[in-house]
Structures are given as C-alpha cells and as structure tokens.
Amino acid sequence: MSSILFHIENGIAFITLNRPDKLNSFNREMALLLQSKLDECASLHEVRAVYLTGAGKGFCAGQDLAEVVDPNGPGMQRILSEHYNPIITRLRHMPKPVVAAVNGVAAGAGANIALACDIVVATQSASFIQAFSKIGLIPDSGGTYTLPRLIGWQKASALMMLGDKVTAAEAERLGMLYKVFADEEFTDSSKNIAATLAQMPTKALAYIKHALNQSASNDLEAQLQLEDVYQQKAADTDDFKEGVQAFLEKRAPQFKGS
C-alpha cells in the first residue's frame with residue numbers, strides 16, 4: 001500500500017498522507033514520494049489547486065522516531081536536508097495554491113508542514129503540537145520561521161518551549177489557520193475551498209504567493225516595486241482579460257489558469 005495516495009479531479013490534486021497506523025508519521029519513503037507528487041502538481045497545467053490531508057484519524061504526527069534511532073536509517077542531517085526542507089521549499093514555491101485539510105492531530109513536522117501551506121483549515125477535533133522540546137529537539141520544517149510570523153514572538157516561543165497542545169478553535173483564534181469546521185462538515189467544506197481555488201485565475205494566485213513569500217524580508221519600497229512587477233505579469237494573462245470582459249458583460253468569469 002502506497003504511503004501517499006494521489007489523484008486529480010476537476011483541477012484539484014488530492015494528496016493524502018497514508019500511514020494511518022502511525023498517524024501518518026513520515027519515513028523516508030513517504031517524504032520522498034510526497035516531494036515527487038508535489039513536483040508533479042507543479043508541472044501539470046491541469047492541476048490548479050492542491051489539497052493535502054491525512055488518512056485515518058490524524059493529519060501527521062511528524063517524524064517516525066523509529067527511523068531516527070535506526071542505526072541503518074538516514075540520520076537526522078539527511079532527514080532534514082533530504083526530507084523536510086525540500087518539502088517546505090516545494091510547498092512555498094508551488095505555483096498553485098495548497099490547502100492543508102487538517103483532519104486530526106498535526107504534531108512536530110506535521111504541524112509545520114500544514115502551516116507552510118497557503119490555506120489551513122481544520123476539523124473541530126484537530127489539534128496542533130510543537131512536540132519537539134518534549135524529546136529534546138528544536139522545531140524544524142520551517143517552524144521557527146512560520147509560526148512567529150503567524151502568531152507573534154511570545155506565543156510562538158511559549159508553544160515551542162512548552163510543547164502545549166493547541167486545539168483547532170484556539171489555533172483559529174491565534175491566527176494559525178483560516179477556518180475550523182464541525183467534524184461532520186469538514187470534508188465537504190474543506191474540499192469546497194480547493195474547488196473554488198481551482199476555478200480562479202491560477203497565475204494571479206501564484207503571483208500573490210510569490211509576493212507574500214518575499215514580503216517577510218522586504219521593506220515597503222522593495223515590496224511596492226515587487227507588486228509592480230507581479231501586477232504587470234498578472235495584467236498580461238488571459239485570465240485578466242477574461243475577468244475584465246466578464247465584469248463588463250455582467251457575467252461570471254470562466255478562468256482557464258492561463
């Protein structure tokens with residue numbers, strides 16, 4: 001059974017972490033396969049949005065620790081440089097929006113992979129845990145970069161040092177995620193977000209993502225210049241022409257992602 005389930009439907013690439021007996025914790029096979037599927041999503045024009053979730057009761061419990069302590073395993077340095085860092089880089093540079101549908105516990109690297117996605121939604125019973133300090137490690141997978149930018153220095157520091165479990169409702173209040181849905185509504189509601197994104201002007205969404213990526217290190221003047229560049233690129237797309245024409249004709253636009 002594959003550790004990653006993958007299919008494309010109506011412009012959405014559905015990626016499911018599939019080690020439910022291990023709460024979808026990562027081993028090398030799953031990490032490398034996820035990278036491959038993210039590359040596929042980036043390259044295929046038919047993919048206009050990505051939906052990432054977990055099988056079973058959890059989203060992702062982070063790293064499978066049995067692999068870490070295995071004397072024949074890849075070792076911590078390779079786990080970071082070959083597994084998690086490339087996943088985070090692919091998520092942030094993906095030219096399509098990525099929805100993280102957190103269907104259960106998201107711990108350690110699993111939490112930080114979710115937070116690296118463009119839109120994070122969670123079921124009411126989900127939770128987020130920066131579990132690293134509990135075993136003598138520091139947050140990885142971009143956690144020390146992403147979390148303080150989402151919720152502020154003090155909250156991020158406390159959650160990372162104390163390793164507190166954060167409920168989905170509290171995560172929404174803190175600004176870690178976009179929306180929480182009742183468990184019985186979660187699947188349909190989260191997929192509807194991906195479906196909406198798949199019908200939007202894909203290149204414009206990619207330019208929004210690129211601009212946000214660079215906003216963390218730019219000053220205002222540099223960011224204004226960057227907006228100028230991306231706005232000109234967006235104005236050259238077929239979808240911009242369609243959006244304006246649809247507005248003038250008082251009809252719904254039919255974007256093609258080009």
Side-chain angles (χ1 to χ4, degrees), residues 2 4-18 24 30 33-55 59-60 86-104 106 110-123 126 141-142 146 150 168 172 176-181 185-215 230 233-234 236-243 246 252-258:
S2 177
I4 297 287
L5 303 180
F6 181 80
H7 74 280
I8 300 170
E9 183 179 344
N10 297 324
I12 306 168
F14 292 93
I15 301 176
T16 303
L17 308 178
N18 190 41
N24 304 315
M30 190 165 90
L33 188 53
L34 176 57
Q35 291 175 41
S36 174
K37 293 305 179 184
L38 291 174
D39 287 343
E40 191 173 343
C41 292
S43 65
L44 290 175
H45 179 72
E46 66 182 292
V47 173
R48 295 175 61 189
V50 179
Y51 181 93
L52 176 64
T53 193
F59 176 76
C60 176
I87 288 171
I88 299 302
T89 300
R90 282 165 168 79
L91 289 171
R92 290 314 313 154
H93 291 283
M94 171 75 63
K96 292 94 183 264
V98 183
V99 176
V102 180
N103 56 303
N112 292 333
I113 286 171
L115 297 180
C117 296
D118 299 298
I119 297 178
V120 185
V121 294
T123 190
S141 305
T146 305
L150 291 172
E172 182 182 21
M176 288 170 60
L177 54 83
Y178 173 53
K179 280 187 179 180
V180 175
F181 297 108
E185 301 171 359
F186 175 70
T187 299
D188 288 344
S189 296
S190 59
K191 288 182 178 179
N192 283 342
I193 292 175
T196 298
L197 292 169
Q199 298 302 312
M200 295 185 73
T202 310
K203 287 186 176 180
L205 300 186
Y207 298 147
I208 290 171
K209 184 168 183 171
H210 296 328
L212 286 171
N213 282 344
Q214 295 177 68
S215 69
Y230 284 133
K233 289 179 178 289
D236 286 338
T237 63
D238 293 334
D239 279 343
F240 170 69
K241 298 177 180 66
E242 165 63 12
Q254 299 294 313
F255 296 121
K256 302 298 183 183
S258 59

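Because the structure is a prediction, the values reported are computed rather than measured. Atoms considered below: every heavy atom in the structure, side chains included; atoms not considered: hydrogens, waters and symmetry mates.
- In terms of heavy atoms, Cys60 sits closest to Asn24 at SG-O, 3.2 Å.
- Electrostatic pairing of Lys256 and Asp239 does not count as a salt bridge here, judged by no charged N lying under 4.0 Å from a carboxylate O.
- Atom CG of Asn10 has 12 or fewer neighbouring heavy atoms from other residues, nucleotides or ligands inside a 6.0 Å radius.
- Between the CZ atom of Phe6 and the CG atom of Leu38 there is a distance of 9.0 Å, given to the nearest 0.5 Å.
- For the atom pair CG (Leu34) and NZ (Lys37), the distance works out to 10.5 Å, reported to the nearest 0.5 Å.
- Residue-environment remark: CZ (Phe14) exceeds the threshold of 12 foreign heavy atoms within 6.0 Å.
- Met200 approaches Thr196 most closely through the heavy-atom pair CG-O, 3.1 Å.
- Of the possible donor and acceptor atoms, one in the side chain of Arg92 sits under 3.5 Å from a partner among the backbone N and O of Ala116.
- A donor-acceptor pair under 3.5 Å is formed between the side chain of Ser190 and the backbone N or O of Thr187.
- Here Lys233 contributes atom NZ and His210 contributes atom NE2; the two are 9.0 Å apart, rounded to the nearest 0.5 Å.
- Scanning both residues, Gly110 and Phe59, for their nearest heavy atoms gives O-CE2, 3.5 Å.
- A distance-only check finds no donor-acceptor pair linking the side chain of Asn18 to the backbone of Leu5 [under 3.5 Å].
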Show, in sequence, the C-alpha distance, side-chain angles and deciding distance for Val50 and Val99, and conclude whether the side chain to side chain contact (heavy atoms under 4.5 Å, CB included) test is met. CA-CA 6 Å; Val50 179; Val99 176; over 6 Å; no

side-chain hydrogen bond (donor to acceptor under 3.5 Å, both in side chains) assessment of Thr53 paired with Asn103: CA-CA 7 Å; Thr53 193; Asn103 56 303; 3.3 Å; yes

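- A donor-acceptor pair under 3.5 Å is absent between the side-chain atoms of Asn213 and the main chain of His93, judged by distance alone.
- Judged purely by atom type and a 3.5 angstrom limit, Glu242 uses its side chain to pair as donor or acceptor with the backbone of Gln254.
- Taking each heavy atom of Lys209 and Lys96 in turn, the nearest pair found is NZ-O, 3.3 Å.
- Atoms CD1 and CD, on Ile12 and Glu9 in that order, are 7.5 Å from each other to the nearest 0.5 Å.
- Here the closest heavy-atom approach between residue Ala49 and residue Ala194 is recorded as CB-O, 3.7 Å.
- Between Val120 and Ala114, the shortest heavy-atom contact is CG2-O, 3.2 Å.
- With hydrogens and angles ignored, the 3.5 Å screen pairs no side-chain donor or acceptor of Thr89 with any backbone N or O of Pro86.
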Take Asp238 and Lys203 through the salt bridge (charged side-chain N to carboxylate O under 4.0 Å, His left out) test and state the conclusion after the steps. CA-CA 10 Å; Asp238 293 334; Lys203 287 186 176 180; over 6 Å; no

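- Distance check, rounded to the nearest 0.5 Å: CG of Asn192 to CG of Leu197 gives 11.0 Å.
- Classification of the Tyr207-Tyr230 ring pair by plane angle, with boundaries at 30° and 60°, yields parallel.
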Kindly determine whether Leu115 and Met176 satisfy side chain to side chain contact (heavy atoms under 4.5 Å, CB included), including the steps that lead there. CA-CA 7 Å; Leu115 297 180; Met176 288 170 60; 4.3 Å; yes

Would you please test Arg90 and Asp39 for salt bridge (charged side-chain N to carboxylate O under 4.0 Å, His left out) and show each step? CA-CA 7 Å; Arg90 282 165 168 79; Asp39 287 343; 2.9 Å; yes

Run Glu172 and Tyr178 through side chain to side chain contact (heavy atoms under 4.5 Å, CB included) and show every step you take. CA-CA 6 Å; Glu172 182 182 21; Tyr178 173 53; over 6 Å; no

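- Under a 3.5 Å cut-off, the side chain of Asn112 and the backbone N or O of Ser141 do not form any donor-acceptor pair.
- Other residues, nucleotides and ligands contribute at most 12 non-hydrogen atoms within 6.0 Å of the NZ atom of Lys179.
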Are Ile15 and Cys41 close enough, and set up right, to give a side chain to side chain contact (heavy atoms under 4.5 Å, CB included), and what steps lead you there? CA-CA 10 Å; Ile15 301 176; Cys41 292; 4.0 Å; yes

